[in-house]
Amino acid sequence: MNSKLAVLYIGLGASLWGIIGIFVTYLYELGFTLTQVVTIRVLSASIFLTVFVIIKNRKLFKIKLVDSKYFIGTGVISIVFFNWCLFSAFSQPCFLFFCTQKV
């Protein structure tokens with residue numbers, strides 16, 4: 001991969017990570033609960049990544065049965081828990097106060 005493309009991908013990833021709070025706050029304003037927001041994000045990411053892997057390389061879905069516990073533990077459970085922690089921080093009044101202050 002060329003280094004300019006790598007820098008572009010890093011910048012794109014950082015930008016998407018930076019604007020996640022906007023979408024989460026918007027979903028809260030629409031009346032979604034914390035659990036629903038986490039579910040929406042995890043399911044949409046799962047669908048996107050599944051389609052991406054199917055297009056790029058189907059062989060990546062093949063895992064050894066003995067490794068499935070690691071896949072579930074470090075993949076599914078940790079991502080759900082991380083999103084729950086992150087989005088619950090977004091919903092706290094102190095977070096919203098500091099994010100809306102002008103510098």
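Both Ile20 and Phe81 sit in one connected hydrophobic cluster of ILVMFWY residues. Membership requires side-chain heavy atoms under 4.5 Å apart, directly or through other members. A continuous path of ILVMFWY side-chain contacts below 4.5 Å connects Leu34 to Leu30, so both sit in one hydrophobic cluster. Both Trp17 and Ile40 sit in one connected hydrophobic cluster of ILVMFWY residues. Membership requires side-chain heavy atoms under 4.5 Å apart, directly or through other members.
Scored by the side chain to side chain contact (heavy atoms under 4.5 Å, CB included) test, Ile79 finds Val42, Asn83 as partners (sequence neighbours excluded). Taking Leu49 as the reference, nothing meets the side chain to side chain contact (heavy atoms under 4.5 Å, CB included) condition, with sequence neighbours excluded. Partners of Ile77 by side chain to side chain contact (heavy atoms under 4.5 Å, CB included), not counting sequence neighbours, listed by chain and number: Ile72. The ring-ring contact (aromatic ring centres under 6.0 Å, His included) test applied to Tyr70 returns no partner, not counting sequence neighbours.
To the nearest 0.5 Å, the span separating CG on Leu5 from CG on Leu12 amounts to 10.5 Å. For the atom pair Phe32 CZ and Tyr26 OH, the distance stands at 9.5 Å (nearest 0.5 Å).
Phe48 CZ: 12 or fewer foreign heavy atoms inside a 6.0 Å radius.
In plain terms, the two heavy atoms of Val80 and Val38 that are nearest each other are O-CG1, 4.0 Å.
Side-chain contact between Arg41 and Val24 is absent, with no heavy-atom pair separated by less than 4.5 Å. Here the side chains of Val37 and Phe23 are not in contact, with every heavy-atom distance at 4.5 Å or above.
Sorted pairs that involve residues 49-69 and meet side-chain hydrogen bond (donor to acceptor under 3.5 Å, both in side chains), not counting sequence neighbours, are lacking altogether. Among residues at least two apart or in separate chains, side-chain hydrogen bond (donor to acceptor under 3.5 Å, both in side chains) pairs with a member in residues 31-40 are Thr33-Gln36.
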